[in-house]
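A quick write-up on the structure given underneath.
We count ligands from 1, going down the list as the structure has it; atoms in each ligand are counted the same way. All heavy atoms count here, side chains included; hydrogens, waters and symmetry mates do not. Keep in mind it's a predicted model, so treat the numbers as computed, not measured.
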Amino acid sequence: MKSTQTDDRIKIAVQKSGRLTEHSMDLLVRCGLSYSRGKDRLICYGENMPVDVLLVRDDDIPGLVQEDVCDLGIVGLNIVEESSLTLRADGATRLFEKITPLDFGHCRLSFAVPREVRYESPESLAGKRIATSYPRIVSAWLDKEGIDAKVVVFSGAVEIAPSLGRADVVCDLVSSGETLKAHDLQEVETVLQSRAALIRTPVELAPAKSQWVERLLQRIGGVLQVRESKYIMLHAPRSALKEIKALLPGSEAPTIMPLEGTDDKVAVHAVCRENVFWETLEELKEVGASSMLVLPVEKMLA
Ligand code: PRP
Ligand code: ZN
């Protein structure tokens with residue numbers, strides 16, 4: 001399948017307003033994108049890369065990418081999953097080419113019941129009316145558990161369904177849990193763990209465009225890696241080097257340098273591919289490390 005787009009600029013679909021908007025734009029900026037907003041404020045035009053960002057409803061993102069209106073999209077795995085089930089049921093054979101999980105937008109899709117209701121197991125859902133914006137995911141889960149219940153579709157404000165008498169149970173996204181609490185609902189069962197992900201059109205892109213997409217993917221990989229990585233510097237007794245190396249989280253080959261005026265101590269510098277917590281520093285101290293410094297990493301390219 002060849003791209004139907006004549007335009008050689010990359011279009012990325014991003015949530016217009018919601019939990020992923022700010023993080024998504026921040027990720028693109030960290031990849032080097034600077035942009036100006038169109039008059040209608042729904043398109044951000046890339047100024048230094050052939051990349052434009054379309055701000056749309058999150059539920060529309062998978063469809064736009066699958067139909068090749070956009071080349072890439074940043075959207076929650078919850079919506080990717082619901083849309084995939086819908087698109088497949090509608091006969092689509094090719095959905096998204098690539099799904100890269102990102103490091104923000106963590107939440108979960110969970111069942112919740114009014115606080116006074118006792119919930120013991122999935123069996124407790126049998127015969128109940130379940131309000132949700134994720135009917136396909138919920139139905140598939142109920143099928144898998146062998147439970148017969150009625151799914152009531154709400155496109156928003158799912159959490160008010162029980163107090164309106166429209167449902168007995170809700171199945172909705174939970175992040176901090178504040179929304180459930182505010183509606184006297186208790187979370188009882190998790191159906192899906194979600195976070196933001198990058199999806200890509202199933203259509204083959206023109207070479208120039210494809211090159212830019214590859215470059216962008218590589219930069220995104222670099223940004224994610226950097227956010228997790230730390231540069232650590234410390235002094236260590238030569239005799240404890242083995243133990244110290246073993247304690248450095250996710251570091252490959254640390255640089256070992258002599259220290260002026262002493263033979264039994266060295267300086268160790270290393271890139272840690274995981275965050276360095278206080279606990280790690282305390283363990284390093286216990287085996288003899290001193291003068292420890294942990295620095296953020298600015299950019300990284302393998
Ligand atoms: C979800 C969900 C709840 C809220 C839960 O909506 O529908 O309203 O977030 O978050 P909390 O546990 O931190 O209170 P979302 O903002 O994703 O909007 P949408 O589902 O309408 O797109
Ligand atoms: Zn939404």
(message) In this structure, does ligand 1 have an atom that sits under 4.0 Å from one of the heavy atoms of G177?
(response) yes
(message) Is any side-chain heavy atom of L217 closer than 4.5 Å to one of R200?
(response) yes
Near [X], which atoms of ligand 1 are under 4.0 Å from a heavy atom of that residue?
| X | answer |
| --- | --- |
| D172 | 2 (C), 3 (C), 7 (O) |
| S176 | 11 (P), 12 (O), 13 (O), 14 (O) |
| D58 | 22 (O) |
| E178 | 12 (O), 14 (O) |
| V174 | 12 (O) |

Nitrogen or oxygen of [X] less than 3.5 angstrom from that of ligand 1:
| X | value |
| --- | --- |
| L173 | no |
| Q15 | no |
| Y134 | no |

(request) Tell me which one of R108, E159, H183, R19 gets a heavy atom nearest to atom 9 (O) of ligand 1. (result) R19
(request) Could you state whether W278 and L284 fall into the same hydrophobic cluster, counting links through intermediate Ile, Leu, Val, Met, Phe, Trp or Tyr residues with side-chain heavy atoms under 4.5 angstrom apart? (result) yes
Below 3.5 Å, can you tabulate the donor-acceptor pairs from side chains in residues 232-250 to any protein atom, sequence neighbours excluded?
{"residue": "R238", "atom": "NE", "partner": "D263", "partner atom": "O", "Å": "3.0"}

(request) Go through the steps to decide whether T201 and D68 satisfy the test side chain to side chain donor-acceptor pair (under 3.5 Å), and finish with yes or no. (result) CA-CA 6 Å; T201 172; D68 193 36; 3.3 Å; yes
(request) Report the C-alpha separation of D264 and T262 in whole Å, then their side-chain angles, then the decisive distance to 0.1 Å, and conclude whether the side chain to side chain donor-acceptor pair (under 3.5 Å) test is met. (result) CA-CA 6 Å; D264 51 353; T262 151; 2.8 Å; yes
(message) For residues 181-193, which residue pairs pass the side-chain hydrogen bond (donor to acceptor under 3.5 Å, both in side chains) check, not counting sequence neighbours?
(response) R108-E187, S110-E187, S110-T190, R115-D184, Y119-E189
(message) Please find the pair of heavy atoms, one from C44 and one from R37, that lie closest to each other, and give the distance.
(response) SG-NE, 3.6 Å
